[in-house]
Amino acid sequence: MNQFTFESKQKTILLAFMGLGALCLALSFFMDAQPAHARFWSNFLHNTVFFTGIAFVSLFVMTAFITAYAGWYVLFKRVWEAYAAFLIPGLVMLGVVILGLWTGWHHLYHWADPAEVAKDPILEHKSSFLNKNWYTLGTLIIVGAWIFFQRRLRSLSLAEDKLDSTGDFSLHRKMKVVAAAFLPIGAFTSAAMIWQWVMSVDAHWYSTLFAWYSTASWFVACLALTILTVVWLKSKGYLEQVSSEHLHDLGKYLFAFSIFWTYLWFSQFMLIWYANVGEETVYFNTRRHEFPVMFYGNLFINFLVPFFILMRNDTKRKYGTMVFTSLIVFFGHWWDYFLMIKPGVLETASHLGHGEDHGEAAGHGAEHLSEAASHGADHAGDVAHAAATHASDFVSGFTLPGLLEIGTMLGFLAFFLFFTLRQLEKASLLPKNDPYLEESKHHHVM
Amino acid sequence: MSAVVSPIREPLIEGGKTYHQITEDICSPTERTPSTAWVLAFIVSASFLALYVFSVAWTVWHGIGTWDLNRTIGWSWDITNFVWWVGIGHAGTLISAILLLFRQKWRTGVNRAAEAMTIFAVICAGQFPLIHMGRLWLGFFIFPYPNTRGPLWVNFNSPLLWDVFAISTYFTVSLLFWYTGLVPDFATVRDRATGLRRRIYNGLSFGWTGSAKHWQRWESLSLVLAGLATPLVLSVHTIVSFDFATSVIPGWHTTIFPPYFVAGAIFSGFAMVQTLMIITRKVLNLQQYITLQHIESMNKVILLTGTMVGVAYLTELFIAWYSGYIYEQFAFYNRVLGPYWWSYFGMMTCNVISPQIFWVKKFRRSIFITFFMSIFINIGMWFERFVIITSTLARDYLPSSWSYHYPTWVEVCLFLGTLGLFFTLYLIFVRVAPVIAVAEVKSILKSAGDQYIGENAKEHAHADSH
């Protein structure tokens, strides 16, 4: 079967989960203990960024593969094409975040509040980058550009299906041009977007590696979701020719890039820990002391689990093991994004909710720390620690993902899958004129 | 490996070679009397090696005072050269391990020479930390072992010590990997030889007979070594970057350093592979094995890694501004517009701007441009390390201690001397070992030979592959 049909039962299930997500979002909106609905808005931002990122990264991987003459993935490339199409709803959801930024519905970003910026020299300095105009224009133009490339690539790929199969590779050559052009554009612009969407949640903090780190996280999540989707499609009788050989290679990617993610995690953490500069350590201090389960758990599920399970050859060829691992790792990278976004939003919220005095102690420790840093780095560590212990109460929806967070994530996931399956329905699952199709069909790893 | 080959792939072995011709073409250079070109090149390289020996002797005899180092600039050409050489030593293992995992067939044409080059480059790199000690005979102090020196012990917290472990591990694994690949090829050379030569190559090939068991063990070992070598490709330059990034020196302490150093290392490594391959293929007449397709693929890697390095340069600049940290901002201002602006300019031009010409297919496939660019990139990557190290140290927190580094003749000769060491080793290598992995090239003949795929493929051969 090369033509996917999106059955009504599947639609109902996915719609039910989307309903659950909407319900969880509504509940977190109305039952929010945080000022300015910080729980609701941080959940919204978290999932929006996470799923839009998966769409971006699948486009990026496809373009990289096309440029690198990869052949093995062609049998399931329609899955990535479908993922990439999610950039459009992603932009719409980012539009909601932007709208909230202008109307003051949310206080996700410390830098978005003119009163805060006025009394904070660091934010004032950054205001020529961290401001509403850049956030809005950057998102619209950059994600717009991604969508342009996504649509161009998709239409070429679909047009290729309609060719007579006489070895006409002109469309493939056009795809190569589009793909090669997108690579540097995607690489530069995704960094700028990650700084705005995610890193600026902790508006004082900075790390040069952050953009590459979060992109790696997206990529691993995308791979895990790809494995799940491919196996599900196979279980429904589609993608007959995708075999354990392809699964093995996807497994290798999952294994390798889980290690790569860990490598970037370690590089960022170790260098900041080692140098112990107050402005930088505050980020990890907060996470280690206030979010210990999230912090250490992140490493456990995103490194130890895939590392030990996928190290052997045979585990990467077994459908059950791969589904199990992919489920954990996919959740793991959602967890990673949770940890990137939530602590910063909580600090901004506590700043708002409890006024000046609380903010001094537990809020953005960095101002505090920059003073302390001049007295020596050790002292700065102490201050960060004191600030951290001061605010170590359990905050629902922040300290750990609660049921509402899980429900919201399932809702977004269902939305993502609903959209993906709609896209899959629009074309044959088999790109029958792709020049590498035969290679992909005869792919052998061992 | 898939026997079905996409019709748009180009052949990697030209000239309709048979297995026998492959053996003949690749092994014969080791059996001929050296050409005049080789002898001349060897004399020049050995002279530079002699210069190196002389400069080292001079340094050891008179002390490090013969270098233009002072309290402000404690590291300069020495560590610049060290990092430059280690970086060059990255391409070999990337090609042999990572490209093997990615099943890139074109790697078979260049892996042998690239791995050899890796080993020689690491040897050159290893010289500098030792000479920098001033007292070469105390070099063993870098190893932690129970000793009679009382409490004098290595500092396990220091990235410089991690470097010792990282580089010695890398060297060991690269050497094993290279040698493992050479074993069946040495046996091929042996089978063609007689007399003493035959006995020497028999020893070198460990009495390889080519039995199924030998091949099976050989493949298992190669796989294990590939697995070990892959993380090493990343770890070595990561740890080299830690030498700088763990400090609190503005311009050095930045989290992007590890992956950015690795990308830069691969970039410079491939540039050096291009330099060597373009000469080697011409001199040894191996154009049908190291084809334009190989050169184009390597140029793509160069374009990719050069652009990654470019993204990192711009990220650093942006975050320096964004951090709001005045010392960080000054460090980068100084880097771009300070007294060493020329080295930053050289770095940007050679590493980021000029490789962009490789977007054009015509340039990627031009031997002349590739050769020119490979030299250009090697210069640019030397400048990069110089920018990071010297221009940062020259202007520290205290303007009263600012300084400027003028290399002495000893420092210049040491650097030129390691080039002599490198090329001497490489020239010996091309005489004694097959510069292309004979067995591996043969393994791709049926799927990449031009009588089987591409425009000139014979019809019956094409039918065979299905």
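In what follows, chains carry the letters A, B, and so on, assigned in the order in which the sequence lines appear, proteins first and then strands, with residues in each chain numbered from 1.
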Greatest number of heavy atom pairs closer than 4.5 Å to chain A - which of [options]:
options: L314(B), T246(B), I319(B); value: T246(B)
options: G324(B), S247(B), S323(B); value: S323(B)
options: L101(B), L304(B), N157(B); value: N157(B)

Per-residue contact mode, [X] against chain B (heavy atom under 4.5 angstrom):
X: E280(A); answer: side chain
X: K441(A); answer: neither
X: F260(A); answer: side chain
X: L437(A); answer: neither
X: D249(A); answer: side chain
X: Y436(A); answer: both
X: A211(A); answer: neither

>> Could you tell me if the side chain of K300(B) sits less than 4.5 Å from the side chain of Y69(A), heavy atoms only?
In response: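 Sidechains of K300(B) and Y69(A): in contact.
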> Who in residues 216-241 of chain B is close to chain A, using a strict under-4.5 Å heavy-atom cut-off?
Replying inline: L234(B), T238(B)
> Can you name the residues of residues 253-264 of chain B that have some heavy atom under 4.5 Å away from a heavy atom in chain A?
Replying inline: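 Checking residues 253-264 of chain B against chain A gives H253(B), T254(B), T255(B), I256(B), P258(B), P259(B), Y260(B), V262(B).
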>> Checking E328(B) against E279(A) for the side-chain contact (heavy atoms from CB on, under 4.5 Å) test, could you report, in this order, the C-alpha distance in whole Å, the side-chain angles of both residues, the deciding distance, and whether it holds?
In response: CA-CA 12 Å; E328(B) 192 77 23; E279(A) 284 88 340; over 6 Å; no
Search all heavy atoms of [X] against all heavy atoms of [Y] and return the closest pair with its distance.
X: P7(B); Y: F169(A); answer: CG-CZ, 3.5 Å
X: E438(A); Y: V4(B); answer: CB-CG1, 3.5 Å
X: W212(A); Y: A312(B); answer: CH2-CB, 4.2 Å

> For chain B, which residues from residues 186-195 of chain A have at least one heavy atom closer than 4.5 Å to it?
Replying inline: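 Hits under 4.5 Å: F188(A), W195(A).
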> For chain B, which residues from residues 262-270 of chain A have at least one heavy atom closer than 4.5 Å to it?
Replying inline: Y263(A), L264(A), F266(A), S267(A), Q268(A), M270(A)
> Between A70(A), S207(A), A68(A), A256(A), which residue shows the highest count of heavy-atom pairs closer than 4.5 Å to chain B?
Replying inline: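 Of A70(A), S207(A), A68(A), A256(A), S207(A) has the most heavy-atom pairs under 4.5 Å with chain B.
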> Strictly under 6.0 Å, is that where the ring centroids of Y206(A) and Y325(B) end up?
Replying inline: no
>> Between W321(B) and chain A, with a heavy-atom cut-off of 4.5 Å, which part of the residue counts as in contact: side chain, backbone, both or neither?
In response: both
>> If you count every heavy atom of other residues, nucleotides or ligands that lies below 6.0 Å from F165(B) atom CZ, does the total exceed 12?
In response: yes
